[in-house]
Amino acid sequence: MVSADTYSEPIEEMRRRELVEVTIDSLAEVGFVGTTLAQIAARAGVSPGLVAHYFDDKDGLLEAAFRSLARRVGSQVRARLRQVATPRGRIQAVIDANLAPEEFDQRTGGAWLAFWGQVLHVERLERIQSVYQRRTLSVLRNSLLKLVAPDEAQSLAAMIAAMIDGVWLRAALSGWREADSESARAMLTAFVDGRLAHSGAKSDRAGKAAVDAAPASPAPGQRFSSINPATGEILGQVTVSGVAQVNAAVAAAVQAQTIWAAKTSAERGRILRRTADLLRSRNEELAVLETKDTGKPIQETRVVDVASGADCFEYFAGIAQSLSGEHIDLGPQAFGYTRREPLGVVAGIGAWNYPLQIACWKAAPALACGNAMIFKPAELTPFSAVKLQEILAEAGAPAGIFQVVQGFAETGRLLTAHRDIRKISLTGEVGTGKAVMSDAARTLKSVTLELGGKSPLIVFDDANIDNAVSGALLANFYSSGQVCSNATRVFVRRSIKAAFLERLVRRVNAMRIGDPMNPETQVGALISEEHMNKVLGYIARGRAEGARILTGGMRVTRGELAKGFFVAPTVFDDCRDDMAIVREEIFGPVMAVLEFEDEEDVIGRANATEFGLAAGVFTNDLTRGHRVIARLQAGTCWINHYNVTPVELPFGGVKLSGLGRENGRAALEHYTQLKSVYVAMGNVDAPY
Ligand code: NDP
């Protein structure tokens with residue numbers, strides 16, 4: 001059971017994290033000199049003695065805060081380095097991590113600036129800074145050594161590091177008015193490419209963001225391990241697909257697509273229906289695989305992940321036969337018609353939260369429309385898409401019609417860049433969506449982008465409160481909160497907020513967190529340590545910004561759970577719209593409750609976000625429900641429910657949450673192209 005006394009993350013660790021976040025806020029706002037132990041204690045609402053108990057003195061506290069910032073950038077650099085195998089990609093990883101939007105903002109930058117001013121005077125800070133600098137230079141130098149002569153590698157590494165610092169310092173000194181992470185990265189990228197071109201280096205240019213040109217192949221034979229995030233157990237080793245494998249897959253797909261498209265839609269439909277049946281018959285095996293790979297509870301994967309994939313194949317199996325064009329009357333001398341034709345070879349790139357479901361949601365409509373698909377799962381969850389490939393073959397699909405390639409962003413970019421792939425359907429983060437769209441533009445591919453969100457759920461005072469609480473729970477804690485459409489901003493009408501919160505907290509406290517393989521478990525692990533730290537960082541930031549935790553708010557390390565990445569379902573009250581936990585996608589079990597009084601006002605606040613994936617309304621007033629939903633800027637909405645996604649309904653986002661739709665008849669638009677045919681019925685009247 002999840003209740004405060006069973007959480008085992010030491011309270012000290014939590015308190016430390018929170019004090020460090022408060023210190024970063026303080027440094028950003030009042031600088032190094034203004035940040036005192038007494039002031040930190042007042043901000044955190046604790047006694048100065050308690051701060052001293054944890055950190056001894058101001059230097060100790062500042063050292064902890066500086067370490068925390070340096071560790072965060074360091075772990076971002078390492079995460080990016082893990083995703084690239086080429087020297088040019090490694091240089092880019094350092095640039096992208098150091099100038100990422102989350103580092104390049106006023107708060108983080110303000111704190112770094114305060115530290116930099118002290119580094120020369122405080123030995124403990126100087127040590128942290130010099131370790132960080134040495135590491136950065138060493139990654140840059142070692143990567144450059146593979147591209148240019150040794151003396152040039154040395155000086156170019158120093159130049160890149162100096163430029164990162166310089167760009168950053170200029171932004172800080174402009175009061176962050178000139179801070180633009182994207183332009184800063186583009187500038188550094190252009191500088192590095194220019195220098196490498198000038199020195200005649202064989203720049204491999206891989207692993208970079210949108211500004212990059214053709215991607216290179218990951219190193220041949222590169223392998224990665226996939227782990228069970230609940231136990232740390234290694235599930236298997238996977239070989240990364242490079243240029244040769246991707247080219248071979250595309251060539252096989254081109255052949256298979258010709259055979260597949262020549263079948264009648266009824267024949268294609270039969271194979272897709274058999275696929276649905278096979279998925280269902282292997283439900284248990286696939287659910288276990290998915291639970292081990294993702295850390296999600298088996299009670300979820302048994303009923304949702306495989307089943308929703310099977311539903312999707314069944315739906316598009318049926319719909320395959322209704323694919324049709326139009327007849328257009330052009331008078332007695334002519335008529336026209338349209339043919340709805342496949343695009344050819346298309347690619348799917350998946351996220352890690354619903355690996356099998358995402359593969360099915362992309363493959364089923366693509367195949368129903370006569371395309372072949374090459375699919376790259378997220379590197380964190382590589383296994384279940386391979387099972388889908390086997391199942392499709394068993395169901396009678398021609399070899400090559402659905403193939404899985406494995407790897408990181410580099411492999412994804414090989415797909416986006418490939419001339420013979422006509423479309424990319426991506427599920428991932430907004431930044432990845434922009435990079436994919438930009439890469440796809442080079443070969444004018446169409447894209448479907450299913451991206452992130454920060455969706456609102458609005459609970460009016462005439463709602464059935466128990467249903468609204470159920471909706472809020474479904475909207476925040478399923479799959480440990482790792483659901484794109486989650487409504488993490490729960491707006492509750494002031495008059496019912498106390499009753500709503502009382503029932504909500506009671507039910508959250510009764511949720512069972514534990515071994516995902518135990519059928520009783522309701523809350524499993526987060527996907528990785530890095531992601532867990534990101535979520536815990538947001539929780540600490542929420543506290544530091546003044547939100548109040550009603551329940552949860554910590555890592556769970558009780559017993560065997562210490563081996564995995566578990567975070568207790570967390571509810572924040574006293575939230576404001578400007579808080580980071582209310583504005584940014586956390587992608588973890590963190591709910592922010594906000595109160596409202598007025599319908600017009602809450603609609604404005606709900607829409608005041610760059611995202612637009614989903615939204616929900618709980619009300620028993622029929623007209624209000626439809627009126628409010630009509631004004632919410634979101635692609636997928638629910639009235640008096642949340643996060644149910646029947647395949648019959650199109651799913652997708654507006655604004656930065658994406659382009660295009662999956663599921664429903666709408667998906668057919670995105671996997672076909674129209675051919676218009678004019679048919680003359682009389683003589684040709686030519687003026688020549
Ligand atoms: P990412 O964007 O990090 O990755 C998504 C996929 O894209 C992965 O397979 C990744 O490879 C690949 N990739 C990364 N960079 C590139 C690139 N430049 N070119 C081509 N492929 C690339 O997302 P996450 O896996 O972290 O998933 C979480 C995100 O997905 C959240 O923002 C969530 O909201 C969103 N999401 C959206 C859904 C929707 O339907 N709208 C549904 C589910 C999730 P690899 O990871 O192997 O390196």
Side-chain angles (χ1 to χ4, degrees), residues 100-102 104-107 179-182 351 353 426-434 437 449-460 471-472 474-477 481-493 534-535 537-539 541-542 545-547 570-618 627-639 642-643 645 651-661:
E102 61 272 23
F104 217 57
D105 72 0
Q106 183 150 14
R107 174 180 184 266
D180 175 355
S181 149
E182 208 166 318
N353 60 339
L426 167 85
T427 299
E429 293 174 3
V430 173
T432 310
K434 289 181 183 172
M437 193 167 176
L449 302 175
E450 295 291 350
L451 309 177
K454 189 76 194 174
S455 303
L457 175 67
I458 305 176
V459 182
F460 286 97
L474 286 172
N476 280 274
F477 300 131
Q482 302 165 118
V483 180
C484 52
S485 48
N486 270 1
T488 44
R489 294 183 293 147
V490 179
F491 293 93
V492 185
R493 182 89 195 266
K534 178 181 158 193
V535 172
Y538 269 111
I539 293 175
R541 207 155 159 200
E545 285 182 331
T570 300
V571 178
F572 273 108
D573 188 18
D574 295 344
C575 298
R576 292 187 318 271
D577 293 356
D578 64 344
M579 290 176 170
I581 55 165
V582 179
R583 284 183 291 110
E584 296 169 22
E585 185 182 45
I586 301 175
F587 219 57
V590 183
M591 180 195 301
V593 178
L594 301 124
E595 76 178 31
F596 75 95
E597 189 54 45
D598 174 62
E599 179 180 312
E600 189 65 24
D601 174 56
V602 78
I603 291 172
R605 290 169 65 197
N607 286 337
T609 165
E610 58 186 7
F611 297 110
L613 186 55
V617 172
F618 272 85
R627 182 172 70 229
V628 173
I629 282 291
R631 294 187 57 203
L632 291 177
Q633 297 163 355
T636 306
C637 296
W638 292 273
I639 298 179
Y642 206 88
N643 264 348
T645 52
F651 182 87
V654 300
K655 293 161 63 179
L656 287 193
S657 290
L659 289 175
R661 292 292 176 268

Spell out, as yes or no, whether a donor-acceptor pair under 3.5 Å connects the side chain of [X] to the backbone of [Y].
{"X": "R661", "Y": "F651", "result": "no"}
{"X": "N476", "Y": "A487", "result": "yes"}
{"X": "E545", "Y": "A580", "result": "yes"}
{"X": "T636", "Y": "G652", "result": "yes"}
{"X": "R576", "Y": "A547", "result": "no"}
{"X": "K655", "Y": "T609", "result": "yes"}

So do [Y] and [X] actually touch side chain to side chain, heavy atoms under 4.5 Å?
{"X": "S455", "Y": "N486", "result": "no"}
{"X": "Y642", "Y": "C637", "result": "no"}
{"X": "V571", "Y": "D573", "result": "no"}
{"X": "F572", "Y": "V590", "result": "yes"}
{"X": "E610", "Y": "R583", "result": "no"}
{"X": "F611", "Y": "L451", "result": "no"}

Please report the closest heavy-atom contact between [X] and [Y], naming both atoms and the distance.
{"X": "P456", "Y": "A614", "value": "CD-O, 3.3 Å"}
{"X": "V535", "Y": "P589", "value": "CG1-CD, 4.2 Å"}
{"X": "F587", "Y": "V483", "value": "CE1-C, 3.5 Å"}
{"X": "S485", "Y": "N643", "value": "OG-OD1, 2.7 Å"}
{"X": "G433", "Y": "L449", "value": "O-CD1, 3.8 Å"}
{"X": "K434", "Y": "L656", "value": "CE-CD2, 4.4 Å"}

Find the distance between [atom1] ([X]) and [atom2] ([Y]) and round it off to the nearest 0.5 Å.
{"X": "L613", "Y": "E585", "atom1": "CG", "atom2": "CD", "value": "8.5 Å"}
{"X": "D598", "Y": "I603", "atom1": "CG", "atom2": "CD1", "value": "8.5 Å"}
{"X": "L457", "Y": "M591", "atom1": "CG", "atom2": "CE", "value": "8.5 Å"}

Between F596 and F460, ring centroids under 6.0 Å: yes
Steps toward salt bridge (charged side-chain N to carboxylate O under 4.0 Å, His left out) verdict (R631, E600): CA-CA 10 Å; R631 294 187 57 203; E600 189 65 24; 3.0 Å; yes
Partner residues of T488 under the side-chain hydrogen bond (donor to acceptor under 3.5 Å, both in side chains) criterion, sequence neighbours left out: K454
Worked verdict on R493 versus E597 for salt bridge (charged side-chain N to carboxylate O under 4.0 Å, His left out): CA-CA 6 Å; R493 182 89 195 266; E597 189 54 45; 2.8 Å; yes
side-chain contact (heavy atoms from CB on, under 4.5 Å) against L594, all qualifying residues, sequence neighbours excluded: R489, F491, C575, D577, V582, R605
Candidate pair R627 and E599, rule salt bridge (charged side-chain N to carboxylate O under 4.0 Å, His left out), full reasoning: CA-CA 10 Å; R627 182 172 70 229; E599 179 180 312; 2.8 Å; yes
